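Let me begin by presenting the structure, written as structure tokens, before commenting on it.
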There are 2 protein chains.
Amino acid sequence: MDMGVAERKERHKEDLKREILDAAKVLFAEKGLEATSIRAIAEKIEYSPATIYLYYKDKNEIVHALHREGFKLLVDYFQVLNHISHPFERLKGMGRAYIQFALQNPDTYKLLFNMEEPLEHVANCFEEWDEGDRAFDILLQTVKECQSIGYFPGFATEQMSFMIWSMMHGLCMLRITGHLAHVGAAKANLMDLDQLMSSTFETFVSFAEKLKR
Amino acid sequence: MDMGVAERKERHKEDLKREILDAAKVLFAEKGLEATSIRAIAEKIEYSPATIYLYYKDKNEIVHALHREGFKLLVDYFQVLNHISHPFERLKGMGRAYIQFALQNPDTYKLLFNMEEPLEHVANCFEEWDEGDRAFDILLQTVKECQSIGYFPGFATEQMSFMIWSMMHGLCMLRITGHLAHVGAAKANLMDLDQLMSSTFETFVSFAEKLKR
DNA sequence: GAGAAATTGTGAACAGTGTTTAGTAAATTC
DNA sequence: GAATTTACTAAACACTGTTCACAATTTCTC
């Protein structure tokens, strides 16, 4: 086998890996993670179920691949923030981008921040979670910059950042799982959910804003 | 069949329902929700798998039963707070009780606040979620009382309450899923997780405390 | 008491899951 | 053209939730 053919073969192999991943992504988004079977993925790409195991060790490895791609997507959502020079404005933008990401990609969000399995795998892999750490580093850095111009005086940067992340994560998860919808329907039936969510977020922002030195 | 026997029968039937529920509770806590099978529950109570379906319509109904019990347990955690007269102190107590509940019963917590299925069922049942609403009502009421003595001036009670709930939920979920552990290990490796969590909570408290009129 | 009826429990099966393995068909190398 | 490697798959294994026809037991009626 000459080199040109080997290359083409290799390329085809990579193509099929992508096809599998894309099919999995679509099905996961449609039916959720647990509800999509290897057989369904196989059928979508018109291959035998066993073929998938030639390209991915098991279902977990597919999930992990989507995990990596999910983080890249999140980083994309944060990309536009680089042009905001004011730290607190950037922090606000991060919050809005985070919410947007969560609402537009709820299954990916759950994959990234609400599952335990991929995390365990990642703890043994070391490198792989880098982008996750990097995302949190961005938050830490931004909070620090906010503090340098008088915001959040006297608060530890780490705790402050964890607090903000918890706030955003809780809001997104309550929304995604439907708990916000349920309690919201009973208590604040005037506005729709997105309004309720963003107004809660804005409440948090103005909450934070009042704490300026 | 006379009345005494009918009663004993009925009692036995209730007993078996309880046995199933208790076995399910233990197995769920041990291996998680998805990982425990009807067959495993059946084996634990030494009955045939099919027998379980004589007492519960399906696995969901077992989950819903545990859902109801979970809320009762949460209300128990909140019971001690009735004796705290100062609203803000009571609010702080609620936060600590909530965290305690989540950490001591992580699977139940996930069942109550991180699953979508039981919520859908409940939306069609109406009554069943009462205790969930009641728990949120307690929060609403407490926030309102805090505002009446000068806390959170100028903030809408609903949004404020949602914000607090989101904060607590996010903190608990990040802890339970292990995300706090992962990022925490890299960034704040000095303290253990419970310390990190409670110090983040206290940060939020002092954050809120500074906003007094 | 004896027979009918209703209750209570189960083994076996169905359709589905993730995964493995033995074996086939095709492409590549010699 | 023959040998070997590659790409793929049908079939099976051990699970899952769930159903159903059937058996055992208990209760009711006479």
Side-chain angles (χ1 to χ4, degrees), chain A residues 1-21 23-24 27-28 30-67 111 115-118 120-121, chain B residues 1-21 23-24 27-28 30-67 111 115-118 120-121:
Chain A
M1 183 166 79
D2 67 289
M3 276 314 177
V5 176
E7 229 174 82
R8 177 170 56 76
K9 278 272 168 185
E10 197 54 40
R11 216 169 40 238
H12 173 70
K13 188 152 184 164
E14 286 305 312
D15 282 356
L16 199 42
K17 271 195 108 170
R18 261 252 67 85
E19 254 189 275
I20 294 171
L21 213 60
L27 289 175
F28 283 178
E30 273 176 10
K31 308 199 159 200
L33 225 155
E34 313 276 280
T36 38
S37 61
I38 296 284
R39 282 172 176 84
I41 299 173
E43 195 175 354
K44 198 171 182 71
I45 62 171
E46 294 178 298
Y47 276 86
S48 156
T51 302
I52 294 187
Y53 288 87
L54 298 177
Y55 296 87
Y56 292 95
K57 192 177 127 281
D58 54 14
K59 199 180 179 181
N60 265 324
E61 202 167 293
I62 299 178
V63 170
H64 292 129
L66 291 178
H67 194 256
L111 186 66
M115 284 205 354
E116 346 210 356
E117 300 164 62
E120 293 170 17
H121 179 261
Chain B
M1 179 165 84
D2 67 290
M3 276 314 175
V5 175
E7 229 173 83
R8 177 171 54 76
K9 275 273 169 184
E10 198 54 41
R11 218 170 35 239
H12 172 69
K13 188 152 183 162
E14 286 305 312
D15 283 356
L16 199 41
K17 272 196 107 169
R18 260 251 68 85
E19 254 188 274
I20 293 172
L21 213 61
L27 288 176
F28 282 179
E30 273 175 9
K31 307 198 159 202
L33 224 156
E34 313 276 279
T36 40
S37 62
I38 297 283
R39 283 172 175 84
I41 298 173
E43 196 175 354
K44 198 173 181 70
I45 61 169
E46 293 177 300
Y47 276 86
S48 156
T51 302
I52 293 187
Y53 288 87
L54 298 177
Y55 296 88
Y56 293 94
K57 190 178 129 283
D58 54 12
K59 198 179 179 182
N60 264 325
E61 203 166 293
I62 299 178
V63 170
H64 292 129
L66 292 178
H67 194 255
L111 187 66
M115 283 205 354
E116 346 210 356
E117 298 166 63
E120 293 169 19
H121 180 260

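Atoms considered below: every heavy atom in the structure, side chains included; atoms not considered: hydrogens, waters and symmetry mates. Because the structure is a prediction, the values reported are computed rather than measured. Here is the naming used below: chain letters follow the sequence lines, and residue numbers restart at 1 for every chain.
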Below 3.5 Å, can you tabulate the donor-acceptor pairs from side chains in residues 47-58 of chain A to any protein atom, sequence neighbours excluded?
residue	atom	partner	partner atom	Å
A:S48	OG	A:A50	N	3.2
A:T51	OG1	A:S48	O	3.4
A:Y56	OH	A:K17	O	3.1
A:D58	OD1	A:N60	N	3.3
A:D58	OD1	A:E61	N	3.1

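- Rounded to an integer number of Å, the gap from A:I20 CD1 to D:dA7 P is 13 Å.
- Atom OH in B:Y47 sits roughly 13 Å away from atom P in C:dG11 (whole-Å rounding).
- For the pair A:E34 and A:A50, both in contact range of DNA chain C, the more 5′-proximal nearest nucleotide belongs to A:E34.
- Computed from coordinates, the A:L33 CG to C:dT17 P distance equals 15 Å when rounded to whole Å.
- Atom-to-atom distance recorded for B:L66:CG and B:L21:CG is 4.5 Å, nearest 0.5 angstrom.
- Applying a 4.0 Å cut-off to non-hydrogen atoms, the residues of residues 36-44 of chain A that approach DNA chain C are A:T36, A:S37, A:I38, A:R39, listed by residue number.
- Legend: residues meeting side chain to side chain contact (heavy atoms under 4.5 Å, CB included) with A:E19, ordered by chain and number and at least two apart, are A:L16, A:I45.
- A heavy atom lying under 4.0 Å from DNA chain D marks the following residues of residues 51-61 of chain A, by number: A:T51, A:L54, A:Y55.
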Just list the side-chain donor-acceptor pairs under 3.5 Å for residues 30-41 of chain A, sequence neighbours left out, or say none.
residue	atom	partner	partner atom	Å
A:T36	OG1	A:G32	O	3.1
A:T36	OG1	A:L33	O	3.0
A:S37	OG	A:A40	N	3.1

